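None of the values given here were measured: they were computed from a predicted structure.
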Amino acid sequence: MPESSEPPPVSGPDPAELPQDRSQAILEAAKQIGALLKRAGHPFALAGSVAVYAHGGSRYLQHDADFAILPEDAEAVAATLREAGLGVRLPPEDWLIKTTCHGQNVDIIFSLAHQPVTREMLDRAHVLPVDSVLMPVLSPTDLIQSLISAFSEHYCDFGSVLPVARAVREKVDWGAVRAACGAEPMPAAFLFLLERLNVIDAQEGQP
């Protein structure tokens with residue numbers, strides 16, 4: 001009687017090659033930097049994907065933590081980070097400084113979508129718990145506006161912003177977003193996409 005042959009085992013990717021979920025490490029970095037900025041009295045607001053999480057979006061974070069500060073506070077914030085033992089890097093871009101915390105990149109931004117961060121923007125921030133630490137978080141309207149305003153002919157990754165828009169759509173003043181950036185071709189195209197997907201209502205007077 002012939003020996004039965006077992007099917008060869010299915011080989012999967014090496015675990016070392018799989019993408020690591022860095023969400024908790026990014027949250028820990030955001031909490032530590034937020035606490036430092038709070039203690040030092042610097043006006044700021046959490047931005048980026050961690051801000052989306054704070055507003056009820058996905059907890060799956062794979063990039064970095066972002067903070068918005070006033071342009072005139074950049075040197076003082078850098079000094080605060082250095083005093084806490086964190087290295088500060090000045091990248092070629094002249095609208096942010098960078099540091100590393102818990103092994104994660106942290107961007108300290110003073111210009112969002114080519115517009116300086118303003119006191120009014122920071123005053124509109126919502127104080128929310130970020131994994132148990134309270135801190136100011138960009139308002140959903142400012143958050144979405146900053147993401148959409150960044151779209152251009154050279155960068156228009158609608159796929160990365162679409163789930164963000166879905167997550168916070170009921171908290172956003174879409175009229176304000178349209179007024180701020182809806183006249184530009186790429187933001188207008190994204191807003192049209194949101195309408196066609198029934199994420200937002202069509203603009204009044206439009207089909």
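Using a 4.5 Å cut-off between side-chain heavy atoms of Ile, Leu, Val, Met, Phe, Trp and Tyr, with links allowed through other members, Leu70 and Leu36 fall into different hydrophobic clusters. No single ILVMFWY cluster, assembled from side-chain heavy atoms under 4.5 Å apart, contains both Tyr53 and Leu162. Cluster annotation: Phe192 is not connected to Trp174 through the hydrophobic network of ILVMFWY side chains, with a link wherever side-chain heavy atoms come within less than 4.5 Å. Linking Ile, Leu, Val, Met, Phe, Trp and Tyr residues whenever their side-chain heavy atoms come within less than 4.5 Å leaves Leu128 and Leu122 in two separate clusters. Under the 4.5 Å side-chain contact rule for hydrophobic residues, Val164 and Val50 do not share a cluster.
Looking at Glu28 and Gln32, their side chains never bring a donor and an acceptor atom within 3.5 Å of each other.
Nearest heavy-atom pair, Ile26 versus Gln104, reported as atom, atom and distance to 0.1 Å: CG1-OE1, 3.7 Å. In plain terms, the two heavy atoms of Val130 and Lys31 that are nearest each other are O-CG, 3.5 Å. A pairwise comparison of heavy atoms in Leu46 and Asp66 identifies CD1-O, 3.4 Å as the closest pair. Of all heavy-atom pairs spanning Ala65 and Ala30, the tightest one is CB-CB, 4.1 Å. Scanning both residues, His102 and Ala25, for their nearest heavy atoms gives CB-O, 4.2 Å.
In this structure the side chain of Val106 reaches within 4.5 angstrom of the side chain of Phe67, judged on heavy atoms. Residues Val172 and Arg169 fail the side-chain proximity criterion, which asks for heavy atoms closer than 4.5 Å. The closest side-chain heavy-atom distance from Ile108 to Phe44 is not below 4.5 Å. Using a 4.5 Å cut-off on side-chain heavy atoms (C-beta onward), Val117 and Leu112 make contact.
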Verdict with supporting geometry, Leu191 and Arg178, side-chain contact (heavy atoms from CB on, under 4.5 Å): CA-CA 8 Å; Leu191 290 168; Arg178 290 183 193 278; 4.0 Å; yes
Per-pair distances, 0.1 Å, donor-acceptor, side chain in residues 75-95, under 3.5 Å, sequence neighbours excluded:
unit_1 : atom_1 : unit_2 : atom_2 : d
Thr80  : OG1    : His42  : NE2    : 2.7
Thr80  : OG1    : Ala76  : O      : 3.2
Arg89  : NH1    : Thr100 : OG1    : 3.0

Can you give me every donor-acceptor pair (side chain of residues 135-153, partner residue at least two apart or in another chain, under 3.5 Å) with its distance?
unit_1 : atom_1 : unit_2 : atom_2 : d
Ser139 : OG     : Asp142 : N      : 3.1
Ser139 : OG     : Asp142 : OD2    : 3.1
Thr141 : OG1    : Asp173 : N      : 2.8
Asp142 : OD1    : Arg124 : NH2    : 3.0
Asp142 : OD2    : Arg124 : NE     : 2.9
Asp142 : OD2    : Arg124 : NH2    : 3.3
Ser146 : OG     : Asp142 : O      : 3.3
Ser146 : OG     : Leu143 : O      : 2.7
Ser149 : OG     : Gln145 : O      : 2.8
Ser152 : OG     : His154 : N      : 3.2
Ser152 : OG     : Tyr155 : N      : 3.3

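Residue Glu72 places its CD atom among more than 12 non-hydrogen atoms of other residues, nucleotides or ligands, all under 6.0 Å distant. Atom CG of Asp123 sits in a crowded spot, with more than 12 heavy atoms from other residues, nucleotides or ligands closer than 6.0 Å.
For the atom pair NZ (Lys98) and CD1 (Ile109), the distance works out to 8.0 Å, reported to the nearest 0.5 Å. For the atom pair Asp107 CG and Asp64 CG, the distance stands at 4.5 Å (nearest 0.5 Å).
Here the side chain of Lys38 pairs a donor or acceptor atom with the backbone of Leu134 at under 3.5 angstrom.
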